[in-house]
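This report concerns only the one structure given below.
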Amino acid sequence: MVETPVQLALFETQDSYGEAHSGAPTIPRVAQSSDDFAELLREIDAADRIAFDTETTGVDMTRCDMVGMSLTTRPGIGWYLPVETASGDWHLPADSPDALTLRGALNRSRALLAAHNAKFDLGVLQRHGMPITHPVYDTMIAQFAIDPFARGALGLKPLAKLHLGWDMQEIETLIGHSHVSRQRSMRDVPLALVAPYAAADADATWRLVDALQPQVAALGLERLLNEVEFPLIPVLVDMELDGVAIDRPYLAALSVEMTARLRVVEADIYRLAGRVFNVGSPQQLANMLYRVLGLQVDVSADAAYLPSTRAHRLEELRDKHPMVPLVLEQRELAKLLGTYVDALPALINPATGRVHTHFNQAVVITGRLSSSNPNLQNVPITSEMGRRVRRAFIGAPGAPDSPRACVLSSDYSQVELRVLAHLADDAVLRAAFQRGEDIHASTAASIYHVPIAQVTSEQRGFAKRINFGIAYGMSSFSLARSTGMTDAQAEKFMADYFRRFAGVRRWLESTKRKMSCDGYVATLYGRRRPFNDMRGRDGSEVRRNERLAVNHPVQGSAAEIVKIAMIKLQKALRAGGYKARLTVQVHDELVLDVPREEVADVRELVRREMEEAVQLSVPLKAGIGVGDNWDSVE
DNA sequence: TGGAGCTCA
DNA sequence: ACGCATGAGCTCCAG
């Protein structure tokens, strides 16, 4: 039978696990009777700290099934609660009375709850009738705050190795490798093997809290974790589980239209080329443009390499040959089709009819969220064609006979510049924000010494460039590059800027000094970015680190403000009994599904929670739009 | 799998 | 003289 090789593999697993067991001394206890369960409940009531972990049939919390759950209330022992069993033994089905009892016990407990990558476990538990309302200590997020460069090694097993010296059993020893033959499901692994594996995971998590806590304290990360990152987890769980509604018929029609246009454009390209080639291959395209057609670009060319075919390079050639604009159009169509129009429908969860992105808290060094599968933080907005894609993101369907929810988008106005004004304590910049002025016009007025009403649009444009660039540590050369000023003009412009905004200049200097003296810089809530000793390094490397150093507190503190706004907003929405739901965060923008009858209320609630998220020395301002889709929110 | 190229804030 | 703005994710190609 098919079973035989599986069994063999599992026996081998047990052997290797036996060797490794000395490193992970967890005694598993399987809850197999009502008496066991009652004993566990008593332990939960008496516990100071409870670590838990879920075993599931997959890694996607929006669709996997729960196989079991492990719980540890003291080091060395891990309970395992099967969710389903073949026999009549005690188990814990979703929504069963026992599940409700456990949920009540966990939420009633005064113990610290801990989990590794808690968002996953909380999402799974929520989908199985056990929502956890307590804040949870997440050992993965704590580790990321301690060492943001550990990004690739944030799994529970590497952490247990690092902090506890444990060589833990890898999950592949139970379910096989995803790339080798077909992976088995955790559901098919015998209880006798799942239980010790799961128990060790909960035990490791329990002990990791002790290992991490001294470092968290030493690095001053308590407020960041307890006031920002941990409370954000349940907000992200709700956002991910709710998902975003997609207009599938609209996308289908858009696909037909865009694909037809793509075929026409490609046919025209082949006709002009005199042959068929792969326009999507930068190499073949460069060969066609620069060798066959002989187009010239004005760059100091290394003879060994053909020039790039990047869009801004092709824009310079737009009028030189009719193929060039066609290539640009082909690129845009192929990108939109491949990334959204044809790809999004496949990501719609059939059970919910929505797409469920992942918001990751442990990827971006500055502390921003990242979004993946799909990335909803880079949905096109600039081009007309891109905005047609954006129109596919719509409100959730309402109850029968009631209309779809609206899409509400609220974005912070100039949040990073306001953060800079606060951090740098720059009197001029602060005053401009306090007066509620158009900040770019105001900056221009300051630099050119003219009344704000007399600022020309060109002057405002220069000021806007410098306002954006400052937070990135921009040089006068890049200012010249991006504005078309000469180097000398740009240099003078920046000198004028820093004379006027002396607080900003002092802050930039002190931040760079802090980087080299202390070896780190930090955000409002204390998230650090470490730097290596740069003594004896190349000047350009030092300057790059200086740019990273000044960007970190600005970008990272802004990210914290948005996260706090999300936490407060979610709380206010729930307290008010609203059906409105947060769906997407795009760094300085929050997107919500709002039933039509709630729009007036929720609009003001969102504004208040965002503008009052934190108290800075400058006001925060949010701009809000409402529409039928993500494009029409203006 | 790494780079080229594109999208966003 | 050099090198030239921060932070991400996804798709495609080529090897």
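We name chains A, B, ... by the order of the sequence lines, and we start the count at 1 in each one.
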Which of these passes side chain to side chain donor-acceptor pair (under 3.5 Å) with A:Asn467: A:His440, A:Gln414, A:Glu416? A:His440
Proximal nucleotide (of C:dG7, C:dC10, C:dA5) relative to the A:Ser372 side chain: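 The answer is C:dC10, which lies nearest to the side chain.
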Compare the minimum distances between each of C:dG7, C:dA5, C:dT11 and the side chain of A:Arg465, then state the nucleotide with the smallest one.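 Closest nucleotide to the A:Arg465 side chain: C:dA5.
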Which part of the nucleic acid, if any, lies within contact of [X], taking any heavy atom under 4.0 Å across all strands shown: a base, the sugar-phosphate backbone alone, or nothing?
X: A:Val363; result: sugar-phosphate
X: A:Gly338; result: sugar-phosphate
X: A:Asn278; result: sugar-phosphate
X: A:Gln284; result: sugar-phosphate
X: A:Leu479; result: nothing
X: A:Ile470; result: nothing

Tell me: [atom1] of [X] to [atom2] of [N], nearest whole Å?
X: A:Arg527; N: C:dG7; atom1: CZ; atom2: P; value: 14 Å
X: A:Leu285; N: C:dA14; atom1: CG; atom2: P; value: 11 Å
X: A:Asp538; N: C:dC4; atom1: CG; atom2: P; value: 11 Å
X: A:Gln330; N: C:dC12; atom1: CD; atom2: P; value: 11 Å
X: A:Leu376; N: C:dA8; atom1: CG; atom2: P; value: 18 Å
X: A:Phe359; N: C:dA8; atom1: CZ; atom2: P; value: 17 Å
X: A:Arg544; N: C:dA5; atom1: CZ; atom2: P; value: 10 Å
X: A:Leu369; N: C:dG9; atom1: CG; atom2: P; value: 11 Å

How far does the P atom of C:dC4 sit from the matching atom of B:dA4, given to the nearest Å? 14 Å
Phosphate OP1/OP2 of C:dG9: any A:Ser370 side-chain N/O under 4.0 Å: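 Answer yes for this pair, as a side-chain N or O of A:Ser370 is under 4.0 Å from OP1 or OP2.
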Does the side chain of A:Arg529 get closer than 4.0 angstrom to OP1 or OP2 of C:dG7 through an N or O atom?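 Checking A:Arg529 against C:dG7: at least one side-chain N or O falls below 4.0 Å of OP1 or OP2.
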Can [X] and [Y] be counted as having a side-chain donor-acceptor contact under 3.5 angstrom?
X: A:Asp342; Y: A:Ser255; result: yes
X: A:Ser475; Y: A:Ser478; result: yes
X: A:Arg331; Y: A:Thr309; result: yes

Any chance you could list the contact pattern along nucleotides 1-9 of chain B? Use B for base contacts, S for sugar-phosphate-only contacts and - for none, protein heavy atoms under 4.0 Å, 5' to 3'. ---SBBBSB
Closest approach of A:Gly155 and A:Pro158, non-hydrogen atoms and distance?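 A:Gly155 and A:Pro158 have their closest heavy atoms at O-CD, 3.2 Å.
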Of all the heavy-atom pairs spanning A:Phe433 and A:Ala421, show the shortest one and how long it is.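 Closest pair (atom of A:Phe433, atom of A:Ala421, distance): CD1-CB, 4.0 Å.
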A:Glu609 CD to A:Lys568 NZ distance, which is reported to the nearest 0.5 Å: 7.0 Å
cation_pi(A:Lys514, A:Tyr520) dist<6.0 Å, angle<=45: yes
